[in-house]
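Note on naming: letters A, B, ... go to the chains in the order of the sequence lines (proteins, then strands), and numbering restarts at 1 for each one.
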Amino acid sequence: MSELASLTTAWYDTHARDLPWRAPDVGAWPVLVSEFMLQQTPVVRVLPVWREWVARWPAPADLAVEESGEAIRAWGRLGYPRRAMRLHACATALVERHGGEVPRRLDQMLALPGVGDYTARAVLAFAYGQRHPVVDTNVRRVAARTVTGAPDAGAATTPADLALVESLLPAADAAAARASAAFMELGAVLCTARTPRCESCPLRAHCKWRASGAALPEGPSRKPQRYAGTDRQVRGLLLAVLRHAPGPVARPALDVVWADAVQRERALASLLADGLVVPHGERYALPGTPSSSQPV
DNA sequence: CATACGTGGTA
DNA sequence: TTACCAAGTAT
């Protein structure tokens, strides 16, 4: 089964995108930062923010001494700002538990805030060259199409997915880590969800899905992902106001972002519950924002 | 196991 | 223009 890995790795050797977190001298912390940012956010939007973060906070300890509100502000418009909070909490945990280093053990990685099955293995593979099944949406799609012939993977990552991908990896650590990057790249660049470029694929002669006609799914393969009118949108609007404010913000400045007061209050309450926003008397701010005598 | 959680580009 | 989709995690 290593045929798929060797073909994909050979393709990767000549076609990989030149992404900065893949440079050989990049440490485990910048790799970890990239993985947090890449959770559900496209590469092109991550690039500028990642550069800013690793220049500003080159080690976990540099971020850990900041207020979490600084992380939220620097997160910009990457989306899912809870990731910024978790990355800040992760930096703190790295300082407290691991001397400011990124650990090399899977169980220690999985115990970190915001680090799940994918991120833990991705960092160990890409930063430390370890052999782990690195299973993201790209890899699951590539495996589903080539191996099982399905047009897409199931809704969630299963232990069977991990086992299947693990069985595809070369035995040696470094080769396995490179194959993991190669499978992801293949899914991101060629074996895409909507417009696969099978003509250019190094696996075209081995792909069960292509052999059966490579038919794309009829309707939506996943549940519809609404945004307009949801609490998520309202949270985003509220947080955008606070990100751009120099200090605590009074109610009227928040009220203007959404007409429905019930939904607005619910969104603000959830931001407070998440710790993304903290009260300053009658006003609100990102965590760690100094109180100002000049109401905004 | 399903659901909540941002944002913007592309077809 | 609507709708899909993008290197997931926590609950």
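- Checking C/dA7, C/dA6, B/dT7 against the side-chain heavy atoms of A/Pro42 singles out C/dA6 as nearest.
- Taking atom CG on A/Leu238 and atom C1' on B/dG6, their separation rounds to 13 Å, with Å as the unit.
- Between B/dA11 and C/dA7, the two C1' atoms lie 22 Å apart (nearest whole Å).
- Across B/dG9, B/dT7, C/dT9, the shortest atom-to-atom separation from the side chain of A/Arg194 is found for B/dG9.
- One P atom belongs to C/dC4, the other to B/dT3, and the distance between them is 16 Å to the nearest Å.
- For A/Thr119, taking side-chain heavy atoms from C-beta onward, the closest of the listed nucleotides C/dA7, B/dT7, C/dT9 is C/dT9.
- A donor-acceptor pair shorter than 3.5 Å cannot be found between the side chains of A/Gln39 and A/Tyr118.
- We find that CD1 of A/Ile72 is positioned 12 Å from P of B/dT7, with the value rounded to whole Å.
- Summarising the geometry, the separation between CZ on A/Arg77 and P on B/dC5 is reported as 19 Å, rounded to the nearest angstrom.
- If you take CE of A/Met37 and C1' of B/dG8, they are 17 Å apart, rounded to a whole angstrom.
- A/Thr41 and A/Arg83 share a donor-acceptor pair across their side chains, judged by distance under 3.5 Å alone.
- Atom CZ of A/Arg45 and atom P of C/dG8 are 13 Å apart (whole Å).
- Set against B/dG6, C/dG8, C/dA7, the side chain of A/Arg232 has B/dG6 as its closest nucleotide.
- Using cut-offs of 30° and 60° on the angle between ring planes, the pair A/Trp57 and A/Trp53 is perpendicular.
- Counting to the nearest Å, the P atom of B/dA11 and the CZ atom of A/Arg197 are 13 Å from each other.
- Side-chain proximity of A/Arg243 to C/dA7, C/dT9, B/dT7: nearest is B/dT7.
- When rounded to the nearest whole Å, the span between CZ of A/Phe36 and C1' of C/dG8 equals 10 Å.
- For the pair A/Leu271 CG and B/dC5 C1', the interatomic distance rounds to 11 Å; values are reported in whole Å.
- Within a 6.0 Å sphere centred on CD of A/Glu199, other residues, nucleotides and ligands contribute more than 12 heavy atoms.
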